[in-house]
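Each ligand, and each atom within it, is numbered from 1 in the order the structure gives.
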Amino acid sequence: MSDTIVAPVRPAFANFVGGEWAPSTTGRTYEKRNPARPSEVVGEFPASGAEDVERAVAAALGAFPAWSRTPAAGRAAVLLRTAEAIDARVEEIAQDMTREMGKPLREARLEAARAAAILRFAAGEAWRPVGELYQQSATGAPVYTVRRALGVVALITPWNFPAAIPIWKLAPALVYGNTVVIKLAQEAPLTGLHLAECFEQAGLPGGVLNVVIGRGSEVGTPLVRHPDVRAISFTGSVPVGHEVRDEATRLGKRVQLELGGHNPLIVMADAKLERAVEAAYAGAFWSAGQKCTATRRIYVEDAVYEDFRARFLDRIERGKVGDPADPETEVGPIVNERQLDEITEAIEQSRREGATLLAGGERLDEEAYLLAPTVFEGVADDALLSCEEVFGPVTSLYRFSTLDEALERANAVRFGLSASIFTTSLETTQRFVNELEAGLLHVNSQTAGADIHVPFGGIKSSGFGPHEQGRAAIEFYTELVTVYQDGP
Ligand code: NAD
């Protein structure tokens, strides 16, 4: 990554503050390269700093009174027009997403389209209740609750869902009347800038949404610490998330975290095996395993272990790995060289520790950051791959004898984001639903995938604060006030 003197900036490669597109006040930029063709520079983006944060927060604070007083239906109208603007450029957003962070085009298209659907769902919230009416005990006069906007909210997002995650934070933040400063991930700013352009096109008043691009330490930290920021919604890794939480709570701010996972998939002997194999493949390898909900551990019951393993390895043989811009590609590159090196090191360490490599393990291209879908077996329960999130196309197979054992081992990590089970037994399903320690449970479907209208979030070390998405989002983006209203 190189810091260079700022060149004339195309609008889409700048910060968006107070309704204006502008380069960073630092005068610095950085190059973002295509992980499938690292010689190709996707763009030069602002390497922003504390002064940019200062301006963005001031703009959001200035815009708050008018935006929060705008009728909710008026705010929703802007969200609906933004959804239309996104619809009109889904292909462009998807192509740029693929170029900047390597998500295969077929998934990038779905994600871009999903951003519009999320906005439409959130817009509908404008017509739903924001309080409850009671009678006061002594007089019978009204006493009611009302949910009010918080003020300026900071959103900090990762690179791996560069459309869906910014939008599933922005949509509820805005519809409930907050104004926003969003810090996009350095590895995928262009997708977020498209979204900001769509809001601008939809007539969102200047200052309601402010976008700042730059490093965590240079933009994220001042944003979290800024006295005018009331709340922070963060999605990213566990260590950074915990740092953000500690700082935010020390300063008395509201904070919500969506963090990493170490998601198990359990295959019972009574499962429809072919469906389980497909789900394991998609969960472990689509987006090159760079999903918080990717399948990291696959527990297979003794009686079907050999059969499952043979079918899974066969599916990997038939998988399409390569150029993410090819709409047929299932598994594309790793986002950057540093991540590629980290994953390669984890693979090497696992081999040194005695795990058996069943598939993959090697880089597939001299230029592209492409790793073969990788499967281990014989990984100890306390080994790195069984416990820590290795953010790539790497998964492990484990054999188990009883459901008790499977549930216990599946729960033996500090994470609790997503989990799935394949079974045809109602009793087994019930035990999984009651005992598996994760915020998202899938019965006969893959660990990844999230619907737009239901809560999304992890438990244990995978999350903190109220869940995101669906109607749950109101909890974080509003404050509850109780009003005793007596007559004059
Ligand atoms: P990351 O934690 O490195 O970065 C996330 C964001 O935080 C980025 O914008 C980054 O610039 C910023 N940041 C870094 N240091 C900061 C600091 N000190 N203060 C404030 N902000 C700071 O994560 P990543 O590599 O971008 O994303 C991958 C991680 O995100 C994985 O662990 C993945 O599991 C997780 N993730 C979780 C979910 C979920 O919903 N649970 C969804 C997607 C990704």
NZ/NE/NH1/NH2 to OD/OE distance under 4.0 Å, Arg99 and Glu40 = yes
Please check if the side chain of Glu111 supplies one atom and the backbone of Ala164 the other of a donor-acceptor pair under 3.5 Å.
-> yes
By chain and number, the residues contacting ligand 1 below 4.0 angstrom (heavy atoms only) are Ile156, Thr157, Pro158, Trp159, Asn160, Ile165, Lys183, Ala185, Gly216, Gly220, Thr221, Phe234, Thr235, Gly236, Ser237, Val240, Glu243, Val244, Glu258, Leu259, Gly260, Cys292, Glu389, Phe391, Leu417, Phe456
Which of parallel (below 30°), tilted (30 to 60°) and perpendicular (above 60°) describes Trp159 and Phe391?
-> perpendicular
Scan Glu479, Glu475, Glu125 and name whichever one has a salt bridge (Lys or Arg N to Asp or Glu O under 4.0 Å) with Arg147.
-> Glu475
Is the Phe45 ring parallel, tilted or perpendicular to the Tyr30 ring (thresholds 30°, 60°)?
-> tilted
Taking all atoms of both residues into account, what is the closest heavy-atom pair of Glu330 and Pro104, and its distance?
-> O-CG, 3.7 Å
